[in-house]
There are 2 protein chains.
Amino acid sequence: MLTTTSEPFFALEVAIFRMCHHQLYVYLQPMLNQPETVWSIVNGGIDLVHDKNIDNSVRRLIESAIGVESPYIEQVKTIGNATRHPQGWMVAAVYYGVISQSVNLPLDNWFAVNQLEKHDLAFDHLALIYSCLKRIKDKAQYTSVPLHMMPPEFTLTDLQHCFETILLSNIEKKSFRRRILDAGLIVPLDKERRGRSRPAQLYRVKRGHIIHHFSRKMHGKSKDFA
Amino acid sequence: MLTTTSEPFFALEVAIFRMCHHQLYVYLQPMLNQPETVWSIVNGGIDLVHDKNIDNSVRRLIESAIGVESPYIEQVKTIGNATRHPQGWMVAAVYYGVISQSVNLPLDNWFAVNQLEKHDLAFDHLALIYSCLKRIKDKAQYTSVPLHMMPPEFTLTDLQHCFETILLSNIEKKSFRRRILDAGLIVPLDKERRGRSRPAQLYRVKRGHIIHHFSRKMHGKSKDFA
DNA sequence: GCAATAGTGTCTGTCAGACACTATGAC
DNA sequence: GTCATAGTGTCTGACAGACACTATTGC
């Protein structure tokens with residue numbers, strides 16, 4: 001029995017998410033040298049000279065792909081097997097990153113996550129995106145992670161919509177407000193947003209916020225799909 | 001500016017835990033070619049020919065190190081940087097695995113986790129073990145993972161001690177029993193354990209148990225250390 | 001009887017879910 | 001006034017924490 005100890009290929013795979021019009025989008029790149037357009041999530045290797053650690057590499061990949069920094073990245077898992085890539089044994093650390101809704105980026109190359117089946121995705125990238133979506137959905141149930149997707153000023157209703165979009169469910173308004181306000185995660189501004197009805201209090205995220213863990217999960221009622 | 005795209009070294013690092021006398025132990029191996037004895041957690045590379053995926057490799061490493069299978073392994077994180085290993089840029093997927101208390105293994109090479117500072121551990125292995133301990137502690141707060149460390153027959157008090165050892169805190173008996181029994185994770189046997197006081201009902205884990213997620217965390221009161 | 005451990009009854013507090021209610025703007 | 005959306009009051013139910021209580025054994 002022969003044991004091979006040579007190194008597997010190693011790559012980083014990053015699903016970058018943004019929120020737009022009550023819809024989650026993921027950033028995809030066209031793969032080169034393909035007869036038909038095949039789309040892939042952001043990926044790349046480690047720059048052994050310049051990167052200090054993996055998170056560093058991921059931030060670099062995100063910024064060089066979309067031109068803006070991500071306020072929150074998270075490692076989802078590391079997978080590795082002989083079948084996911086035609087080149088052979090391949091290990092990949094899978095991350096997701098989010099960007100703020102305020103960033104004024106065109107929607108080119110951003111794909112609504114509920115329409116991904118219509119497109120041709122590279123390798124196992126569809127499954128990787130789903131793993132990341134599951135993770136951010138789980139996190140939305142018991143942490144404040146979705147706050148990182150909000151613009152600098154937002155209303156509680158905006159924030160609720162953001163959570164609901166990630167959770168694919170409707171949250172009860174009073175519970176949601178109590179939870180967020182009691183946790184002290186956001187700060188009211190001296191401003192309101194005026195529209196065609198009662199003005200809404202504007203908030204910003206409290207300085208230093210990274211992640212808050214709630215003591216209980218929030219579930220909501222599953223959304224019916226149109 | 002030059003960009004290096006060659007591959008980093010890749011390794012698996014596995015902290016194997018067992019419970020013994022209300023104490024968590026981790027399995028360490030002496031590193032070869034060291035003037036003084038330096039201890040390391042189980043580690044190795046991927047067998048590109050025989051391993052189907054990373055979990056497979058981890059199970060292989062565990063079994064070849066201690067001779068028994070682990071009923072539960074979990075990937076904790078993947079780290080990578082230029083400084084953790086003298087060989088240079090190194091990526092490591094960090095796992096922990098647990099084994100059943102029933103396994104009749106001598107305690108050779110098993111180290112109490114609260115005594116690790118007394119020993120000389122390789123590289124960043126102490127930090128890796130602490131990451132794994134933190135993870136299993138977190139999991140003990142809201143899942144049934146510690147059940148995998150129990151022998152085939154155990155009492156509720158045994159189980160509570162197992163949780164308490166991992167959590168480093170004392171749990172209120174009634175709450176604990178209610179939580180475990182209401183979740184339906186264990187099955188009473190037609191047996192009792194008799195000692196020098198009232199006999200205790202024996203249980204086994206329900207077939208098919210892998211992990212149960214409770215809806216709330218359990219905290220307990222921090223143990224005073226002697 | 002006593003000591004030791006197993007196991008229960010039951011109250012409290014916290015917080016999510018539900019839902020009806022009021023408030024304030026545009027028109 | 002109506003419509004739309006913001007925001008509140010308050011009851012319920014689930015479940016963890018606390019803690020005193022009873023139960024069953026060995027001695």
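First the proteins, then the strands, lettered A, B, ... as listed; each starts at 1.
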By nearest-nucleotide position on DNA chain D, the 5'-leaning member of B/Lys221 and A/Leu202 is A/Leu202

Starting from the 5' end of DNA chain D, give me the residue, B/Ser197 or B/His219, whose nearest nucleotide shows up first.
B/His219

Side-chain H-bond candidate by donor/acceptor type, A/Tyr72 with A/Glu74, under 3.5 Å
yes

Quick check on D/dC15: is either OP1 or OP2 less than 4.0 Å from any side-chain nitrogen or oxygen of B/Arg179?
no

Does A/Arg196 place a side-chain N or O at less than 4.0 Å from the phosphate oxygens OP1/OP2 of D/dC3?
no

Could you check whether [X] gets within reach of a base, just the sugar-phosphate, or nothing at all, counting any heavy atom under 4.0 Å?
| X | value |
| --- | --- |
| A/Thr157 | sugar-phosphate |
| A/Lys174 | base |
| B/Lys173 | base |
| A/Arg178 | base |
| A/Thr155 | nothing |

For atom [atom1] of [X] and atom [atom2] of [N], their distance in whole Å:
| X | N | atom1 | atom2 | result |
| --- | --- | --- | --- | --- |
| B/Asp158 | C/dT5 | CG | C1' | 12 Å |
| A/Arg177 | C/dC15 | CZ | C1' | 18 Å |
| A/Gln141 | C/dA16 | CD | C1' | 13 Å |

Looking at A/Phe214, I'd like to know if the NZ or CZ of A/Arg179 sits under 6.0 Å from its six-membered ring centre while staying within 45 degrees of the ring's axis.
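Yes - A/Arg179 lies over the ring of A/Phe214, closer than 6.0 Å to its centre and within 45° of its axis.
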
If each of A/Met218 and B/Leu156 is mapped to the nucleotide of DNA chain C with the nearest heavy atom, which maps nearer the 5' terminus, i.e. the 5' end?
B/Leu156

If you look at every heavy atom in B/Arg84 and B/Asp124, which pair is closest and at what distance?
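Closest heavy-atom pair between B/Arg84 and B/Asp124: NE-OD2, 2.6 Å.
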
Backbone N or O of A/His219 within a donor-acceptor pair of the A/Ser169 side chain at under 3.5 Å?
yes

If the test is side chain to side chain contact (heavy atoms under 4.5 Å, CB included), which one of A/Asp158, A/Ile166, A/Val98 qualifies with A/Met19?
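For A/Met19, the side chain to side chain contact (heavy atoms under 4.5 Å, CB included) test succeeds with only one of A/Asp158, A/Ile166, A/Val98, which is A/Ile166.
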
Any donor-acceptor N/O pair under 3.5 Å between [N] base and [X] side chain:
| X | N | value |
| --- | --- | --- |
| A/Arg216 | C/dA16 | no |
| B/Arg198 | C/dA6 | yes |
| B/Ser175 | D/dG17 | yes |

